[in-house]
Every structure is written in structure tokens, then in C-alpha cells.
Amino acid sequence: MDFISIEEILTGQPPIYRKIKYQGNIFKMINTTHNIIHGDIKDLTCYTYRNEAKNKNLLIFCQKGKIVFVETNLE
């Protein structure tokens with residue numbers, strides 16, 4: 001489990017190696033993109049996670065701190 005330091009909280013930056021578990025697989029955060037428009041939804045932030053062993057991506061789209069939708073190329 002990764003922990004956020006006080007400095008990271010104050011600067012608003014997530015830790016570099018944040019990980020999540022999804023469908024039994026561990027994914028590492030590799031990218032964060034702000035101000036995305038997807039369909040009719042504006043001002044989204046996209047968090048991209050990757051599982052290198054399975055060569056799979058997980059995209060989590062958030063707006064104002066809430067998950068709006070998730071896209072994945074999992075089979």
C-alpha cells in the first residue's frame with residue numbers, strides 16, 4: 001500500500017507509484033490527464049493504470065472527485 005506524505009497532500013500531487021487491485025490484478029498508475037471531454041461530459045480527469053504482466057490498461061474518469069465511468073481493455 002502506498003501512503004501520501006504531508007508534502008504531497010499540500011501540493012495536491014498523488015504519489016508516483018499508486019497501485020490498485022482490479023479483478024484480481026494489480027495496476028500501477030502511469031498517467032493523469034486533466035480537462036478531458038468525453039461525449040457530453042466536460043472537465044474530466046483521467047487516471048490511467050497499467051498491468052504490465054497482462055498488457056492491460058484501466059482508465060478511470062472522474063469529475064469533481066467522483067468516478068463518472070471506467071474503461072478497460074480487459075477480456
Side-chain angles (χ1 to χ4, degrees):
M1 176 179 228
D2 294 329
F3 295 95
I4 299 174
S5 69
I6 293 171
E7 292 80 16
E8 289 169 328
I9 292 170
L10 293 175
T11 60
Q13 298 298 315
I16 295 170
Y17 296 109
R18 183 170 287 177
K19 300 176 188 176
I20 62 171
K21 188 171 186 177
Y22 179 74
Q23 293 185 347
N25 298 301
I26 301 294
F27 288 78
K28 282 184 172 180
M29 182 188 293
I30 60 168
N31 192 20
T32 302
T33 309
H34 301 282
N35 299 321
I36 293 177
I37 298 172
H38 194 284
D40 293 337
I41 305 173
K42 298 177 182 178
D43 195 30
L44 293 171
T45 299
C46 178
Y47 299 95
T48 304
Y49 290 85
R50 179 140 184 92
N51 179 297
E52 291 295 333
K54 298 213 177 246
N55 197 26
K56 304 290 181 182
N57 288 334
L58 178 66
L59 305 173
I60 300 176
F61 293 87
C62 299
Q63 184 181 52
K64 296 180 183 175
K66 306 248 186 225
I67 295 174
V68 177
F69 58 93
V70 177
E71 290 183 359
T72 181
N73 64 347
L74 292 175
E75 298 168 356

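All residue numbers refer to positions in the sequence shown, counting from 1.
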Judged by atom type as modelled, is there a donor-acceptor pair below 3.5 Å linking the side chain of Asn73 to the main-chain atoms of Asn57?
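Between the backbone of Asn57 and the side chain of Asn73 there is a qualifying donor-acceptor contact (under 3.5 Å).
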Measure across Ile36 and Cys46 and return the closest heavy-atom pair with its distance rounded to 0.1 Å.
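Scanning both residues, the minimum pair turns out to be CD1-CB, 3.3 Å.
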Quick check: closest heavy atoms across Tyr22 and Phe27, and the distance to 0.1 Å?
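Result for this residue pair: O-CE1, 3.8 Å.
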Does the side chain of [X] reach to within under 4.5 Å of the side chain of [Y], using non-hydrogen atoms?
| X | Y | answer |
| --- | --- | --- |
| Phe69 | Ile41 | yes |
| Asp43 | Asn35 | yes |
| Asn25 | Leu58 | no |
| Tyr47 | Ile67 | no |

Quick test of your reading: applying salt bridge (charged side-chain N to carboxylate O under 4.0 Å, His left out), list the pairs with at least one residue in residues 64-73, sequence neighbours left out, ordered by first then second residue.
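Passing the test, one end in residues 64-73: no pairs.
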Treating Ile, Leu, Val, Met, Phe, Trp and Tyr as nodes and any side-chain heavy-atom pair under 4.5 angstrom as an edge, say whether Ile30 and Leu59 lie in one connected cluster.
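Different clusters: Ile30 never reaches Leu59 through Ile, Leu, Val, Met, Phe, Trp or Tyr contacts under 4.5 Å.
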In Å, rounded to the nearest 0.5 Å, how long is the span from [atom1] of [X] to [atom2] of [Y]?
| X | Y | atom1 | atom2 | value |
| --- | --- | --- | --- | --- |
| Lys42 | Leu44 | NZ | CG | 11.0 Å |
| Met29 | Lys19 | CE | NZ | 12.5 Å |
| Tyr49 | Ile26 | OH | CD1 | 12.0 Å |
| Arg18 | Thr32 | CZ | OG1 | 8.5 Å |

